[in-house]
**Q** 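Here it is, the structure, as structure tokens.
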Number of protein chains: 2
Amino acid sequence: MDDIDRRLLALLQQDATLAYATLGQAVGLSAGAVHERVRKLRERGIIRSTTVDVDPSALGLGILAFVLIESNAWLGERSTADALAAIPEVCEAHVVAGSASILVKIRTTSTENLQVVLKKLFEIDGVTGTHAILSLETFFERPAGPPTER
Amino acid sequence: MDDIDRRLLALLQQDATLAYATLGQAVGLSAGAVHERVRKLRERGIIRSTTVDVDPSALGLGILAFVLIESNAWLGERSTADALAAIPEVCEAHVVAGSASILVKIRTTSTENLQVVLKKLFEIDGVTGTHAILSLETFFERPAGPPTER
DNA sequence: CGTGAAATCGTCATGAA
DNA sequence: TTCATGACGATTTCACG
């Protein structure tokens, strides 16, 4: 995991369709060498997957909300993770420090649909309350840039 | 934007390295037809980009925090977006409804580094306070699944 | 890590439904 | 419009130095 790897990751984050030859030209390596480095980055799990970034609103998912979940028991268990993962509208789930115990990121097609999801959250064992924060506008969403760029 | 498009998006979100021939086999189309559909999905901006999902901790970004920003003025302006975008540790920024006006998602290498970023937030015009929520564990992070899957 | 060859894939033109 | 087919060029991929 040297500086060249970090530059490759930064380039691939911007555009994963770049040819190995192009990447090689950018970092001063041959296509074969780049191929081998990227293969190892995948193998090590540093590159988790290659995906497409889909505009949520194009799928009708125009509502974005962050919800803080309060509870009367510790929710940092796998069973909680499973229960949240079973709700497709939940895009992210984190165990957090503070007055709430869980923070989830939710995308729905409407506020009515959001209400249905909040109801499902309440049905999870131990949940005593939720605090929803509605997003009015997303300034930006981007990957964590390699510390190299800082 | 029909059902086949949604299935293609779902497949590409899981693995954007799939060959057009493979995608075609999955949805019952020829490689050429899939190529044309994906090209249009990109053209329309429904597919924003093709990227790699990089494990943040592999880059040393082990700290994740959500920060609510309070202000004494309306921060939903482009100048605010620009100021936040200039901080590389800020992965997301949303204008939100509630007692706070902005919610940001921040990744840093350490809590010391987080402190530096919080200081930068305070230097933005109108900011009167921040409320940080530290993530202890991330259950999961995934893209918004097409409503088809629900 | 570079080179080169072989297999695979992306890409486009053509024609048909 | 949308799709299938076929052919060409580019790219991935791998063995070897």
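Note that this is a predicted model, so its numbers are computed, not measured. Computation of the quantities below employed the complete heavy-atom set of this structure, encompassing side-chain atoms and omitting hydrogens, waters and symmetry-equivalent molecules. Chain identifiers are assigned alphabetically (A, B, ...) following the order of the sequence lines, protein sequences preceding nucleic acid strands; residue numbering begins at 1 within each chain.
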**Q** Separation of B:Leu41 atom CG from D:dT2 atom P, in whole Å?
**A** 12 Å
**Q** Nearest-Å distance, CE (B:Met1) to C1' (D:dT2)?
**A**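 It works out to 17 Å between those atoms.
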**Q** Using only side-chain N and O atoms of B:Lys40, determine if any of them is under 4.0 Å from OP1 or OP2 of D:dT2.
**A**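 It does, given that an N or O in the side chain of B:Lys40 lies less than 4.0 Å from OP1 or OP2 of D:dT2.
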**Q** Any salt bridge between B:Arg107 and B:Glu141, counting N to O under 4.0 Å?
**A** yes
**Q** What's the CD1-P distance between B:Ile4 and D:dT1, to the nearest Å?
**A** 18 Å
**Q** Figure out the CG/P separation between B:Leu12 and C:dG10, and round it to whole Å.
**A**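 After rounding, the reported distance stands at 11 Å.
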**Q** Nearest to the side chain of A:Ala19, heavy atoms from C-beta on, is which of D:dC3, D:dT12, C:dT3?
**A** D:dT12
**Q** With no hydrogens and no angle check, do the side chains of B:Arg42 and B:Thr50 hold a donor and an acceptor under 3.5 Å apart?
**A** yes
**Q** Tell me which nucleotide among D:dT11, C:dT11, D:dC3 gets nearest to the side chain of B:Tyr20.
**A** C:dT11
**Q** Kindly compute the distance separating OG (A:Ser135) from CD1 (B:Ile102), expressed to the nearest 0.5 Å.
**A** 9.5 Å
**Q** For A:Thr108 and A:Ser110, indicate whether the former's side chain and the latter's backbone hold a donor-acceptor pair under 3.5 Å.
**A** yes
**Q** Within the pair A:Arg39 and D:dC14, is there a side-chain N or O less than 4.0 Å away from OP1 or OP2?
**A** no
**Q** Can a side chain N or O of B:His35 be found less than 4.0 Å away from OP1 or OP2 on C:dT11?
**A**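 So the side-chain polar atoms of B:His35 do come within 4.0 Å of the phosphate oxygens OP1 or OP2 of C:dT11, strictly under.
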**Q** Rounding to a whole Å, what distance do you find between B:Leu23:CG and C:dC9:C1'?
**A** 12 Å
**Q** What is the distance, to the nearest angstrom, from the CG atom on B:Leu29 to the P atom on D:dT5?
**A** 11 Å
**Q** When the distance from CD of A:Glu36 to P of D:dC16 is rounded to whole Å, what number comes out?
**A** 15 Å
**Q** Using whole Å, what does the distance between atom C1' of nucleotide D:dT2 and atom CG of B:Leu8 come to?
**A** 14 Å
